[in-house]
Amino acid sequence: MPDYARIYARQEYLTPGAARTVGIIAERVRPDEGTLLLEMAAGKGEAAAHLTSEFACQVLAVEPHDPFVHISAAKFWHFNLRDLVTLVRAKGRRLPVRDESMDAAYCIGGPSIVGLEPALRELARVTKPGGWVIVSDIAWRTKPEKPLGPDWGWLAEATPTTAAEYGAAIAGSGLTVEEVVTHPLEDWDEYWRPMLEVAAEAKSASATGGADIFFADEIESLIEIEQRGQREYLDYVTFVARK
Ligand SMILES: C[S@@+](CC[C@H](N)C(=O)[O-])C[C@H]1O[C@@H](n2cnc3c(N)ncnc32)[C@H](O)[C@@H]1O
């Protein structure tokens, strides 16, 4: 598995358009001091840090990957947010949370990694009736006519799911889709830029003998596949749904 903590060293959000999705969450949920939110696949905890510091709401942030749990914990400590964010190391398929206990739930860039249907089921389960469930993910604008070859890397292994199919899965988990936002290309560019900086740094360290060309190549080829995928097949989409 690639060293994601290193690849994402220069960015706080690990998903295209995450800041825009957080803006959508804030606009729809209108969190305040009495609001309890569940975040699945919290990554470096940036969304939870932003929402709690802006609105003084509470977030239960769930993330299983150790390096990201440590980075998030340090962030919540550094910004004095530990009274507002509870960080739990757990996987998305089985949240350690009671049914209908959250005012809203969100998962930015995670449902397809967790497993689409199980993730949506859990988000729906923990949310109170009438609460918002907001997710963002890759959706296929166009499906390939034949299976993608090995030059497509991880995309060749992915299950192509269109935004309509994704919306149907959300509806199948007992939620009503109210809005579908397709992110602009600039959201992808903003996501790739810091990774390309990490690759450039890994290469340029060659002058001092500290280069890691293999690592730089790994990042560049991951991004090249995503850029090709974005041009030909992929959108990044935020779905806003209600229980
Ligand atoms: C694309 S990142 C998104 C992180 C964060 N939401 C953001 O946008 O910055 C996907 C996250 O899912 C987490 N993840 C991977 N498998 C998971 C699982 N089974 N349950 C919950 N989270 C998982 C990863 O560790 C990673 O933090």
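These numbers come from the heavy atoms of this one structure, side chains and all, not from hydrogens, waters or symmetry mates. As the structure is a computational prediction, the values presented were derived from the model and not from experiment. Here, residue 1 is the first one in the sequence, and each next residue gets the next number. Order of appearance sets the numbers: ligands from 1, and atoms from 1 within every ligand.
Heavy-atom contacts of G109 reach the following atoms of ligand 1: 1 (C) (cutoff under 4.0 Å). Near F68, the atoms of ligand 1 lying under 4.0 angstrom from a non-hydrogen atom of the residue are 25 (O), 27 (O).
Note that CG of L123 and CH2 of W132 are 15.0 Å apart. Values are rounded to the nearest 0.5 Å.
Salt-bridge annotation for K91 and E63: absent, with no side-chain N of the basic residue lying under 4.0 Å from a carboxylate O of the acidic one.
In this structure, atom 8 (O) of ligand 1 lies nearest to the protein heavy atom T15 OG1, 2.7 Å. If you check which protein heavy atom lies closest to atom 12 (O) of ligand 1, you get A41 CB, 3.3 Å.
Y166 and D137 are linked by a side-chain donor-acceptor pair at a separation below 3.5 angstrom, with hydrogens and angles left out of the test. In the model, Y106 has a side-chain atom that pairs as donor or acceptor with a side-chain atom of E39 under 3.5 Å.
Between the choices V114, V22, I71, the shortest heavy-atom distance to atom 18 (C) of ligand 1 belongs to V114. For atom 24 (C) of ligand 1, the candidate residues are E63, K44, R93, M40; the nearest heavy-atom contact is made by E63.
Using a 4.0 Å cut-off between heavy atoms, I113 contacts ligand 1 through its side chain alone, with no backbone atom that close. With a heavy-atom cut-off of 4.0 Å, P64 touches ligand 1 through its side chain alone.
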* To do: Decide yes or no on side chain to side chain donor-acceptor pair (under 3.5 Å) for E226 and W192, but give the supporting numbers first.
  => CA-CA 9 Å; E226 284 189 3; W192 290 320; 2.8 Å; yes
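At a 3.5 angstrom cut-off on N or O pairs, L14 counts as close to ligand 1. Polar contact check, I108 against ligand 1: a nitrogen or oxygen pair lies under 3.5 Å apart. For ligand 1, the polar-atom distance check against G92 finds a nitrogen or oxygen pair separated by under 3.5 Å.
Taking V97 as the reference, L38, L60, L95, S101, M102, V126 meet the side chain to side chain contact (heavy atoms under 4.5 Å, CB included) condition, with sequence neighbours excluded.
Partner R228 forms a side chain to side chain donor-acceptor pair (under 3.5 Å) with one of E232, Q230, E224 and no other, that one being E224.
Checking side-chain atoms of E165 against main-chain N and O of T162 turns up a donor-acceptor pair under 3.5 Å.
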